[in-house]
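Comments concern the structure below.
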Amino acid sequence: MTEPTSKFDNSFESVDPLANYRNTCSQLLESAVMEFKVKKVPQMEIPTSPELADFAYPCFSLAKDLKLPPQKIAEMLLNKIGAVENLKISAVKGYLNFKINLKPLAGATIPLILKEKQEYGTFPNIGKRIILEHTSANPNGPFHVGRARNPIIGDTLARLLRKVGYEVEVQYWVNDMGKQAAILGWGVQNLSGDSLPAAGSTKKDHELVRYYQSAYKKMEEDPDVEGVITRMIQSYERGDIDELNKLKKPCSDVLAGMVESLERMNIFVDKFVWESESVLDGGVDEVIAKLKKSKITKEEEGAYYLDLEGYELGGKTSRFVFTRSDGTSLYTTRDLAYHWNKLQNCDIAINILGEDHKLQARQLEIALKIMGMEHVPEVVFYSFVSLEEGKMSTRKGQVVYLDDLMEEAAARARKEVETRRPELPDDKKSEIADVVGLGAIRYNLIRVQPEKKIVFKWMDALNFEGNSAPFVQYSHARACSILRKAEEMLAGYSDYSTDLLDSPAEDELIRNLARLPSLIHECAHTRKPHPVAAYAYKTAALFNQFYKDCPVLPAESDELRASRLALVEASRWALAVALDLIGINAPEQM
RNA sequence: GGGCCCGUGGCCUAGUCCGGAUAUGGCGCCAGCCUUCUAAGCUGGUGGUCCCGGGUUCGAAUCCCGGCGGGUCCGCCA
């Protein structure tokens with residue numbers, strides 16, 4: 001199964017306004033370089049600042065081969081290529097620069113966006129199926145912010161992958177076995193709600209986590225309780241269906257509360273797969289049987305493990321234990337069964353995991369290969385969100401719950417709306433506050449590359465200015481406001497001419513709008529969500545610039561007004577598309 | 001002890017894979033801009049040993065080696 005490379009393959013003219021130009025430039029470049037008779041496939045790059053060029057080729061390495069100054073090479077290439085329609089090619093400081101003329105670019109980009117609207121940047125179906133697993137948090141209590149990064153990265157990637165034409169199924173693997181499920185189950189069966197501290201919310205996850213916390217404490221204090229819990233674990237791991245069903249109920253209740261939180265964040269799961277299913281349907285037994293046949297499988301006191309000595313896993317790890325002495329399975333075994341099954345039902349499996357799972361993911365991969373699975377899951381790892389005081393911990397009370405963060409964000413946004421738009425009806429205010437507040441949270445957690453750790457600060461999470469979701473949403477709302485007013489004054493723009501858009505602000509904005517499809521393509525295929533946030537911000541900033549420099553409704557002529565209105569609408573859709581990809585709603589007013 | 005990841009102005013951050021054009025932007029701070037389409041905005045200024053030391057190269061934030069600091073992992077837990 002070969003993935004399309006991150007290099008663009010130029011077959012998407014109808015989706016990407018830059019595709020034709022990129023194709024042409026690289027062909028011109030390639031044939032010109034070929035004349036030097038060097039074996040080199042020149043790679044174009046996107047220059048740091050867009051005024052310079054849309055594509056550029058640095059001539060330094062060629063200069064070395066030919067023993068000529070880079071600038072000289074650039075000039076020679078320029079001469080060989082000569083004049084090309086719609087392109088301005090120049091040789092500057094050792095670079096061969098290709099700049100697309102604004103008029104043809106605007107003429108290709110704006111009508112395309114106006115036609116596609118929300119579908120701008122949507123690529124044709126690839127005919128491949130992806131199962132993307134994200135979150136899979138234990139259902140024993142509400143989400144805290146430390147865990148929120150997982151669903152946010154996962155959901156954004158799912159949106160990106162769908163946008164470039166994959167069929168994506170999002171799965172959440174529910175850990176309903178394990179010790180934490182037994183503790184929760186014991187708590188619900190043996191504790192009365194009155195004896196517990198009041199819940200911070202009426203949501204099921206917040207209510208039930210009290211049983212978990214209290215049961216955990218009792219288990220630590222009382223060996224009898226621990227004994228009971230251990231027996232519960234043993235019986236359901238042997239496949240005791242009654243015991244499992246008893247435990248599944250509270251898990252499922254907690255999960256319902258967690259899902260509510262996810263949905264409020266615009267995150268939707270297609271399928272929940274229960275860990276216990278892999279035991280009940282024989283999947284785990286199958287895995288154990290397969291692994292036992294491996295040459296590197298060893299046994300010690302009845303427990304079976306893979307001897308991974310030769311795999312260079314680092315540290316002191318060399319064993320992957322897949323059955324206990326009593327023959328029952330471990331979490332990793334069940335995870336293996338889940339993945340065995342999952343991989344059979346998709347072309348590509350992607351998992352979003354915390355960096356603490358790196359070793360485990362590697363072991364899983366090795367075990368899958370030993371079992372004869374030819375493809376293994378791709379994993380996107382992320383670092384943790386911690387507090388300034390340190391790691392988040394539910395038991396130490398050192399947590400910020402996602403629900404509380406969402407409430408606070410919405411409340412803060414509500415206050416802003418109240419002062420800015422006092423005339424709006426109440427429900428409209430609330431609606432805007434929600435969209436802005438929750439957008440700020442998602443934006444803040446997706447804008448940083450996943451491998452960097454994040455220290456949670458209320459000030460950052462609730463930032464409504466600068467590099468933030470509300471900044472982008474505000475630009476979108478401004479665009480919508482102009483369009484609304486245009487409609488009121490019946491200023492249609494069917495006879496606009498993109499040729500009239502030639503100020504510097506318009507130029508930069510249009511070039512940026514044209515880049516969106518290739519950005520989407522790149523981000524999806526490299527599995528990097530964070531540049532989408534940067535793009536949304538950049539587009540909003542350029543739109544604000546345009547907004548300030550180029551009066552739309554008060555434009556000097558009807559034709560100019562019509563043309564600018566077209567650009568406003570195109571910008572509006574690009575902003576909406578980018579926001580949607582990061583799961584943020586684009587309000588029409590705020 | 002070993003493996004993996006991170007280390008860019010006071011704070012946050014892009015760029016790092018694939019080395020090149022004056023290192024991207026935000027927050028903060030300072031000075032301006034609301035009688036023209038929403039000031040959650042715009043303009044200008046301030047601020048950098050790209051953790052440190054070597055090496056490779058015409059050229060290193062980027063590649064290699066060695067340190068330092070932080071995160072994370074190394075269970076018959078999940």
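Quick note on labels: first sequence line is chain A, next is B, and so on, each numbered from 1. Hydrogens, waters and symmetry mates play no part in the numbers below; they use all other heavy atoms, side chains included.
- Phosphate contact (OP1/OP2 of G15(B), side-chain N/O of Gln449(A), threshold under 4.0 Å): present.
- The side chain of Tyr95(A) sits closest to G20(B) out of G20(B), C37(B), C6(B).
- Between the CZ atom of Arg478(A) and the C1' atom of A39(B) there is a distance of 7 Å, given to the nearest Å.
- Whole-Å rounding puts the Lys548(A) NZ to C33(B) P distance at 14 Å.
- The nucleotide whose nearest atom lies closest to any side-chain atom of Glu237(A) is, among A78(B), C37(B), C76(B), A78(B).
- Looking at Ser468(A) and Asn463(A), their side chains never bring a donor and an acceptor atom within 3.5 Å of each other.
- A glycosidic torsion no more than 90° from 0 defines the syn conformation, and C34(B) adopts it.
- Here the P atom of nucleotide G3(B) and the CD atom of Gln363(A) are 17 Å apart, to the nearest Å.
- Counting to the nearest Å, the P atom of C17(B) and the CZ atom of Arg527(A) are 20 Å from each other.
- Between the P atom of A78(B) and the CG atom of Asn138(A) lies a distance of 10 Å, rounded to the nearest Å.
- Closest to the side chain of Glu451(A), from the set C37(B), C5(B), C11(B), is C5(B).
- A salt bridge links Arg572(A) with Glu588(A): the closest approach of a Lys/Arg side-chain nitrogen to an acidic carboxylate oxygen falls below 4.0 angstrom.
- Rounded to whole Å, the separation between the C1' atoms of G9(B) and G66(B) comes to 28 Å.
- Atom name C1', nucleotides G20(B) and U43(B): the rounded distance is 32 Å, in whole Å.
- In this structure, the separation between OG on Ser136(A) and CD1 on Ile352(A) is 10.0 Å, given to the nearest 0.5 Å.
- Side chain of Leu52(A), nearest nucleotide from A21(B), A78(B), C12(B): A21(B).
- Between His476(A) atom NE2 and Gln473(A) atom CD the span is 9.5 Å, to the nearest 0.5 Å.
- Ion pair Lys298(A)/Glu300(A) not flagged as a salt bridge, since none of the NZ, NE, NH1 or NH2 atoms sits closer than 4.0 Å to an Asp/Glu carboxylate oxygen.
- Listed nucleotides: C73(B), A78(B), G25(B). Nearest to the side chain of Leu359(A): C73(B).
- When the C1' atom is compared between G71(B) and C30(B), the two are found 37 Å apart, to the nearest whole Å.
- Salt bridge status for Glu487(A) with Arg484(A): absent, with no side-chain N to carboxylate O gap under 4.0 Å.
- Checked by distance alone, Asp335(A) brings no side-chain donor or acceptor within 3.5 Å of a matching partner on the base of A78(B).
- Look at the C1' atom in both U24(B) and G15(B): the space between them is 7 Å, to the nearest Å.
- When rounded to the nearest whole Å, the span between OH of Tyr305(A) and C1' of C74(B) equals 16 Å.
- Projected onto RNA chain B by closest heavy-atom contact, Gln360(A) and Lys391(A) fall at different nucleotides, the more 5' of which corresponds to Lys391(A).
- Straight-line distance between the P atoms of G55(B) and U62(B): roughly 14 Å, to the nearest whole Å.
- Relative to the side chain of Pro47(A), the nucleotides G26(B), A21(B), C76(B) differ in distance, and A21(B) lies closest.
- With P as the reference atom, A61(B) and U22(B) are 12 Å apart, rounded to whole Å.
- Rounded to a whole angstrom, the distance from the P atom of A60(B) to that of C51(B) is 15 Å.
- In this structure, Ile183(A) atom CD1 and C77(B) atom C1' are separated by 11 Å, rounded to whole Å.
- The same atom, P, is picked in G32(B) and in G70(B); the two are 44 Å apart, to the nearest Å.
- Here the C1' atom of nucleotide G71(B) and the OH atom of Tyr382(A) are 14 Å apart, to the nearest Å.
- For Ser383(A) against C5(B), no side-chain N or O and base N or O form a donor-acceptor pair under 3.5 Å.
- The phosphate of C76(B) has neither OP1 nor OP2 within less than 4.0 Å of any side-chain N or O from Tyr331(A).
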